Structure formats: C-alpha cells, structure tokens
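Quick caveat, the model's predicted, so the values are computed rather than measured. Start at 1 with the first residue, then count along the sequence.
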Amino acid sequence: MLRSRCCALGTRDGSVKWQADLAALRGYANPISDRGANGVQCIVIATGGRDQAERIAFSLDGTHGCA
C-alpha cells in the first residue's frame with residue numbers, strides 16, 4: 001500500500017528523528033516550521049485535496065498538535 005509520510009531528519013547526519021503517516025495519503029505541500037505559544041517547534045503540512053483537505057501539525061517529538 002502506498003503511504004505518504006512526514007519525517008524529521010537530523011541536521012548533522014541526516015538520520016530519521018521521527019516519522020508519521022499522513023492520514024490523507026497525500027502530502028504534496030511544502031511543510032512549514034514554526035514555534036507554538038508554548039515554545040515547542042512544530043511542523044505543519046497540508047494533505048489531501050478538495051473535500052479531504054486538512055492541515056496536520058506535529059511537534060518535534062512526533063506527537064500530533066501544537067499549542
């Protein structure tokens with residue numbers, strides 16, 4: 001089965017720090033990095049399209065959602 005994943009890579013060695021499957025199976029957008037109000041860095045990516053479009057946010061520890 002074909003899956004789309006969002007991955008965080010280490011800047012020093014390129015190792016995979018975490019990865020998560022994207023629910024809509026498509027993630028063609030460029031991810032955006034930002035810090036939430038709580039100071040945690042987050043990655044946001046738009047997935048799907050049309051009536052299945054959504055934005056998914058991950059904190060850098062790999063959990064969904066950012067505050």
Side-chain angles (χ1 to χ4, degrees):
M1 180 172 145
L2 182 63
R3 293 185 298 205
S4 290
R5 290 190 177 139
C6 185
C7 302
L9 305 175
T11 57
R12 294 179 193 255
D13 61 4
S15 64
V16 176
K17 300 299 182 184
W18 62 260
Q19 61 185 353
D21 290 334
L22 299 177
L25 299 179
R26 296 188 312 176
Y28 297 124
N30 293 328
I32 299 168
S33 176
D34 198 4
R35 289 200 186 274
N38 59 1
V40 174
Q41 187 175 2
C42 298
I43 305 297
V44 179
I45 188 166
T47 65
R50 299 186 186 228
D51 58 340
Q52 293 180 335
E54 62 181 333
R55 289 173 291 186
I56 300 175
F58 299 94
S59 64
L60 284 189
D61 66 0
T63 59
H64 285 279
C66 295

Self-check item: Distance-minimising heavy-atom pair for Pro31 and Ile43
Solution: CB-CG2, 3.8 Å
Practice problem: With rounding to the nearest 0.5 Å, note down the distance linking CD1 in Ile45 to CZ in Arg55. | Solution: 13.0 Å
Quiz item: Do Val44 and Ile56 come close enough that some side-chain heavy atom pair is under 4.5 Å?
Solution: no
Exercise. Could you tell me which non-hydrogen atom of Ala29 sits nearest to which non-hydrogen atom of Ala46, and how far apart they are?
Key: CB-O, 3.8 Å
Quiz item: Taking only residues two or more places apart in sequence or in another chain, which ones pass side-chain hydrogen bond (donor to acceptor under 3.5 Å, both in side chains) with Thr11?
Solution: none
Quiz item: If you measure only the distance, is there a donor-acceptor pair under 3.5 Å linking the side chains of Ser33 and Gln41?
Solution: yes
Self-check item: Cys42 side chain near Arg35 side chain, heavy-atom distance below 4.5 Å
Solution: no
Quiz item: Which heavy atom of Ser59 sits nearest a heavy atom of Val40, and at what distance?
Solution: CB-CG1, 3.8 Å
Quiz prompt | side-chain hydrogen bond (donor to acceptor under 3.5 Å, both in side chains) partners for Asp51, two or more places apart | solution = none
